[in-house]
Structures are given as structure tokens and as C-alpha cells.
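Atoms within a ligand are numbered from 1 in the order they appear, just like the ligands themselves. Note that the coordinates shown come from a computational prediction; the quantities given were computed from them, not determined experimentally.
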Amino acid sequence: MAEAVDAARTVILTVDDDPAVSRAVARDLRRRYGERYRVVRAESGESALEALRELKLRGSHVAVLLADYRMPRMNGVEFLEQALDLFPGARRVLLTAYADTGAAIDAINVVDLDHYLLKPWAPPEEKLYPVVDDLLESWQVTSGKETPTTKMVGHRWSARSSQIREFLARNQVPYRWYSSDEPEGRRLLHAAGQDGLRLPLVVAPDGTALVEPEERELAGRVGLSTTPAADFYDLVIVGGGPAGLGSAVYGASEGLRTVLVEREATGGQAGQSSRIENYLGFPDGVSGAQLTDRARRQATKFGAELLTARQITALEVRGAARTLRFSDGSEVSAHCVILATGVSYRQLDVPGVTELTGRGVYYGSALTEAPACQGQDVYIVGGANSAGQAAMFLARGAKSVTLVIRGSSPAASMSHYLLQRVMESPVISVRTDTVVEAVHGTDHLEKLTLRNTVSGETETVETQWMFVFIGAAPLTDWLDGTVLRDAHGFVLTGPDLSPDGRPPAGWTLDRPPYHLETSVPGVFAAGDVRAESAKRVASAVGEGAMAVMLVHRYLEQS
Ligand SMILES: Cc1cc2nc3c(=O)[nH]c(=O)nc-3n(C[C@H](O)[C@H](O)[C@H](O)COP(=O)(O)OP(=O)(O)OC[C@H]3O[C@@H](n4cnc5c(N)ncnc54)[C@H](O)[C@@H]3O)c2cc1C
């Protein structure tokens, strides 16, 4: 039996079938968290689930679940899987013996495990508390706010509803979604004097009703900064992906007055990843959302300003100042600039796609749309890691997931570990040598026409969901005439600017450009936007940090 539950405080629940171990974990947890959290202990998966059901009915919050792996009848992974249905936002930890780490690693994908703790966990100050502290902190920031104050009324087949939903989700703004055809959605529309023809309706925490809002207006209403506090900075960073966030953390922590400008949501491509498994220091993997959340908190802690929903459209050199223009014509200037604008999804150029984007055809929105794909047939176009990750993620709930790949094998483009999992999944199938020839539907996606590139045969399949991951391109046209780029639009830096040993055209200094410096002194590039970059989270973060080191060198010498 589990202990009686108390709805007043947020819960940390621990379950272990060995009574001595169970008591010891609960004792250690109470010692540190007992004042702020209710620690509930159970000795079997079944009784822990019973306690969770009771907590759910009483409206309690559960922040962290710690489950022993080896329990009779229901093991820790099976328990966590069922617990997910009741408290999807709770952070999940598996307690394992060294011999079971393989099972723990497999569980990462099954239950989106946040951490596995090797037994024994003593001393808790070193092994248990840092992990739980971290999980509680991230829970507080995201799922902790289980009663979101932003409400959104939209419709599944409204493209603008889907964009705004993605915007809120990627910026980790807690919100509650109501369909315009459900009673509460209709009530909200009525209260705002709307007939539902223009969607979405967003009701901000202060009660303001916004109809089909622009991202910038919405950002301001839900508490995201959109305007720089000053006109002049030491450093402006353009782009809030891993490279930009890395630069912001190092720039601000080293005393530079730093502002980062992001046009959509911080996290960039990495923020859209369901699980990054190759980033140093996260042996259990980390979701893009978690990594972004931590990086953002770290950057703001050091004093960096982060602006969201603001796009930079021009760069000008005005003497020693580097001036960036926003899309609304306003400006911000700095001594130095780091371009960290990454790459954007390439659009699928086949008939019907433009009309149905956001209405069944999505670019990179797999995480936001996944709940709606439960029990459905889903198609993913692309054969690289991003497509593989999306397939694994969607396979948790979809009836079937089909990967449509132009090449003859995904092995050429997908990491070995990921490909193995994709191939082992009973839900995922792979169609090689296949392209999407057309998409069909009136107000939403209904069918796809697929063509086999070897046999030439076509087939029309029924589906309401297609996610496209067909590579990406840098969107750097706005740098035309200022910063030198290669034929594909990637920004040239350092030695790549002088293949013949001569400085680039227009270079005015008597030293060659620094390693990450562009053809404009004091303007640097980091991450995926840089020509010849590695296209990895770790390298983007590393380049972001290194660019700041070069900013210091530039400032010292100018
Ligand atoms: C689904 C997915 C899964 C991935 N998984 C992994 C993985 O497991 N491991 C790994 O190592 N790599 C992975 N990658 C690759 C990795 O995410 C990228 O290499 C990394 O994000 C690059 O970081 P970045 O900061 O250079 O650029 P990006 O992440 O592309 O960020 C650039 C940011 O700049 C913003 N921006 C662009 N132009 C402007 C402008 N004009 N004004 C203001 N803002 C602008 C964009 O909105 C974006 O947020 C994955 C990529 C995807 C898409």
C-alpha cells in the first residue's frame, strides 16, 4: 500500500519493492525536500499508480517520480509508462543497479526518461540531490505551471492556429488549448465577441483577447521581451539556437552588455528535437526543450537580454558601430555582432503543399502536433536524423508511421543508433526510393500521391498527417552586399575567406580575419550558418563560446 496522500503540497513519489530501500529513498528525499514537497512512498508499481490516481482526483501536482527498475509484476519502466498518462509533466527517474543500465537506456525512448540513478545513491548530496534539484527546477518552469493562464481557441485545420500553438509551445509559454467546436471554446469566443471565423483567439493572462495575433504582439502579452532596453551594446547576437544561446551565456557571463535577437523561439532547430543523445554531459539524452530552457535561464541569469519574435533584416557598418535593423525598421547597434542564424527547413515543392501547410502538412512541428496523431497513420518525409527522431517520437502514439525516403537506404543519412531503433520499431515502416508527388485535400490534408523513383509506379495513400524534414538552408539573403557567403548562402569566416592567402575584398585591417570572423571586422559567425560548420548542437555551442573569445580579442585591439 502507498501512504495516504495530501493534496496541499506538490508531490515527489518514490516506488521500490524493497521496503528498506524504499524507506531510505523517502528518508533522503524528505530530509531535503520535506518542507516544500510531500514525499509519497510506495512499495509496488500497482500501489504507486493507485496513489497517483488519488492525487489526480484531488487535483494535486506531481513533480518527480522515482521508480526502481526491478520490481515484480510491474517493473519501473512499465510503471512510469502508465504514470505518464496521469501526470505527463512529472519528471521521471529510474533507479537501477549497474547491471540494468542497458534497460535504463532503452527506457529513455519508451518513457522519455529524464534521468537514471545508479544504486546506491549515497552520498545523496552528491548523487541524488543535484539530480532532483535540477528536475524540480525545470518542472517549476514548465509543467509546474499546470494551470496555464493563457487560453487559446483554435481549430485543428486552421493553419494560423497551428502556427501560434507552435510559437507558444516552442517558447515554453504554458497555455490551454480549446477547440472552437467544443463548449468551452465556444464560451470563450462568445465572451470575446467572436463568431469563430477568425482563429485563433488567444486570451492573455491579463484577460486581453487577441484575434489572429502577430507573434510580436502575442510575445509581449505573454511575458516575452521584444524590445531592447538600450540602443547600444557590446554584443548583439542574431539567432537564438544553440550557437546564439552559447554566445549569450559566455558574452554576458564575461561582462559584455549582450542582447540576443530571435525571430521565432529560442532553441532553434535543437529546440525542436525530441531527444538529443550526443550532447556531452547528458548520458541519458536531453530533450531540445529542456536544453533550451536551461540555456535560456543561464543566459538571463548572467544578464543577457533575450528578445523573441523579432527578425533582423539588415546589417550596416557605421564607423566602429555595427547596426542591425529589425523588420519594422527600428535599429540596435553594437561594437560586435555574432551571426548565429542557423538554417531553416527546406520547403517541399510539390502541388498542394502551400495550401495545406499547417492543415496536415507540417515542417518540424512533430512535438507540438504529436498528441493529435494518436491512433493515426502518419507520414514523415526525409531520411536524416531529424526525420528519424520525429518517427521515434510519433511512433509512441500513432497507429503507423511511414518514413518516405528518396534514396535507396536511410543508412547514408541517419546515425547508426537511431536507424537501428527505427528499424526495430513495430510501428515504423520505411519506403525507400520514394518521393511525394502531390498532396490532396480541401480544407485539410486527406491524401498523398507517392511515386517510386525506380519503378515509376504511383500510389495514393490516405492520411491527415505529413511531417517534412528534407534538409535545410541558411536564410542569409539579408546579408547580401555586406558579408561574404558561399554559393549556398553559408557565411564564410576566417581562413575560408582567403583561400589564396589574400585578405577578402574590402578588408581594411592589417591582420587577417580571426577564425570565426566574417569579411566584416567585428562581425562573427557561429553554428550552422557558418560555411563548413559541423551541423551539431555541441559544435554550435562551442563556436558560440569561441566567437565570444574572439569578440574580446577584437575589442582589446580596436
Ligand atoms: C529535429 C532536429 C533534431 C536534431 N537532433 C540533433 C541531435 O540529436 N544532435 C545534434 O548534435 N544535432 C541535432 N540537430 C542539429 C542541431 O539542432 C543544429 O546543428 C543546431 O541547432 C544548430 O544551432 P545554431 O544555433 O547554429 O542554429 P539553429 O538551431 O538553426 O538556430 C538559429 C536560430 O536563428 C533564428 N534566426 C534565423 N534568422 C534570423 C534573423 N534574421 N533574425 C533573428 N533570428 C533569426 C532562427 O529562428 C533560429 O532560432 C537536430 C536538428 C533538428 C532539426
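- Using modelled atom types and a 3.5 Å distance limit, the side chains of Asp433 and Ser408 yield no donor-acceptor pair.
- Given atom 43 (C) of ligand 1, the protein heavy atom at minimum distance is Arg263 N, 3.4 Å.
- Of the polar atoms of Val529, none of the N or O atoms is found under 3.5 Å from an N or O of ligand 1, judged by distance alone.
- The shortest N or O to N or O distance between Arg170 and ligand 1 is not under 3.5 Å.
- Taking atom 34 (O) of ligand 1 as the reference point, the nearest protein heavy-atom neighbour is Gly239 CA, 3.2 Å.
- Atom CG of Asp231 is surrounded by 12 or fewer heavy atoms from other residues, nucleotides or ligands within 6.0 Å.
- Salt bridge status for Asp528 with Lys535: absent, with no side-chain N to carboxylate O gap under 4.0 Å.
- Contacts classified as ring-ring contact (aromatic ring centres under 6.0 Å, His included) and involving residues 231-276 (residues at least two apart or in different chains) are given here: Phe232-His335.
- Applying the ring-ring contact (aromatic ring centres under 6.0 Å, His included) test to pairs two or more places apart or on separate chains, none has a residue in residues 363-419.
- Considering backbone and side-chain atoms together, Gln272 places no N or O closer than 3.5 Å to any N or O of ligand 1.
- Nearest heavy atom pair, residue Leu516 against residue Glu543, reads CD1-O, 3.4 Å.
- The closest approach between Ser539 and ligand 1 stays at or above 4.0 Å for every heavy atom of the residue.
- Contacts of Tyr345 with ligand 1, taken as heavy-atom pairs under 4.0 Å, involve the side chain alone.
- Between Asp528 and ligand 1, an N or O atom pair is found at a separation short of 3.5 Å.
- Glu532 and Asp496 get closest at one heavy-atom pair: CG-OD2, 3.6 Å.
- Taking any N or O of Ser386, backbone or side chain, none lies under 3.5 Å from an N or O belonging to ligand 1.
- Using a 3.5 Å distance cut-off with no hydrogens or angles, the side chains of Ser138 and Gln290 do not pair a donor with an acceptor.
- The shortest heavy-atom contact between Ala398 and Val378 is CB-CG2, 3.9 Å.
- Near Lys535, meaning under 4.0 Å from any of its heavy atoms, are these atoms of ligand 1: 19 (O).
- Considering backbone and side-chain atoms together, Val238 places no N or O closer than 3.5 Å to any N or O of ligand 1.
- With ligand atoms numbered from 1 in the order given, ligand 1 contributes 26 (O) to contacts under 4.0 Å with heavy atoms of Gly527.
- Here the heavy atom of the protein found nearest to atom 9 (N) of ligand 1 is Asn278 OD1, 2.9 Å.
- In terms of polar-atom proximity, Phe469 is not counted as a contact of ligand 1, lacking any N or O under 3.5 Å from an N or O of the ligand.
- Near Ala265, with a cut-off below 4.0 Å to any heavy atom, the atoms of ligand 1 are 49 (O).
- Distances below 4.0 Å separate heavy atoms of Arg310 from the following atoms of ligand 1: 43 (C).
- Counting atoms of ligand 1 from 1 in the listed order, those under 4.0 Å from a heavy atom of Val261 are 43 (C), 44 (N).
- Among protein heavy atoms, the minimum distance from atom 42 (N) of ligand 1 is reached at Ile312 N, 3.1 Å.
- The side chain to side chain donor-acceptor pair (under 3.5 Å) test with Ser344 singles out one residue from Glu264, Arg263, Gln269, and that residue is Arg263.
- Look at Glu331 and Arg325 and you find a salt bridge, because one of the NZ, NE, NH1 or NH2 atoms lies within 4.0 Å of a carboxylate O, short of that distance.
- For Tyr362 against Ser162, the heavy-atom pair with the smallest separation is CE2-OG, 3.6 Å.
- Residue Gly268 approaches ligand 1 through these ligand atoms, each under 4.0 Å from one of its heavy atoms: 29 (O), 31 (O), 48 (C), 49 (O).
- Of the protein's heavy atoms, Gln269 NE2, 3.6 Å lies nearest to atom 28 (P) of ligand 1.
- Contact annotation: for Ala270 versus ligand 1, heavy atoms closer than 4.0 Å belong to both the backbone and the side chain.
- When hydrogens are left out, the protein atom nearest atom 13 (C) of ligand 1 is Val537 CG2, 4.0 Å; that is the closest non-hydrogen contact.
- Scanning all heavy atoms of the two residues, the minimum distance from Val529 to Pro474 falls at CG2-CB, 4.3 Å.
- By the 4.0 Å heavy-atom criterion, Pro242 is counted among the residues contacting ligand 1.
- Contact annotation: for Gln389 versus ligand 1, heavy atoms closer than 4.0 Å belong to the side chain alone.
- Nearest protein neighbour of atom 39 (C) of ligand 1, counting heavy atoms only, is Thr341 CG2, 3.6 Å.
- Residue Glu543 places every heavy atom at 4.0 Å or more from ligand 1.
- Within a 6.0 Å sphere centred on CG of Asp349, other residues, nucleotides and ligands contribute 12 heavy atoms or fewer.
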**OP:** Mind running salt bridge (Lys or Arg N to Asp or Glu O under 4.0 Å) on Arg91 and Asp134 for me, showing each step along the way?
**Re:** CA-CA 10 Å; Arg91 300 295 185 254; Asp134 206 29; over 6 Å; no

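- For ligand 1 and Val343, the ligand atoms under 4.0 Å from any heavy atom of the residue are 30 (O).
- Both the sub-6.0 Å distance and the 45° axial angle are not jointly satisfied by Arg165 relative to the ring of Tyr175.
- Residues Ala438 and Val350 share a closest heavy-atom pair of CA-CG2, 4.2 Å.
- Heavy-atom contacts from other residues, nucleotides or ligands closer than 6.0 Å to CZ of Arg406 number 12 or fewer.
- Between Trp478 and ligand 1 there is a heavy-atom distance shorter than 4.0 Å.
- The proximity of Ser344 to ligand 1, defined as any non-hydrogen pair under 4.0 Å, does not occur for either the backbone or the side chain.
- Polar contact check, Ala538 against ligand 1: no nitrogen or oxygen pair lies under 3.5 Å apart.
- Counting atoms of ligand 1 from 1 in the listed order, those under 4.0 Å from a heavy atom of Gly240 are 33 (C), 34 (O).
- In terms of protein heavy-atom proximity, atom 31 (O) of ligand 1 is closest to Gly241 CA, 3.4 Å.
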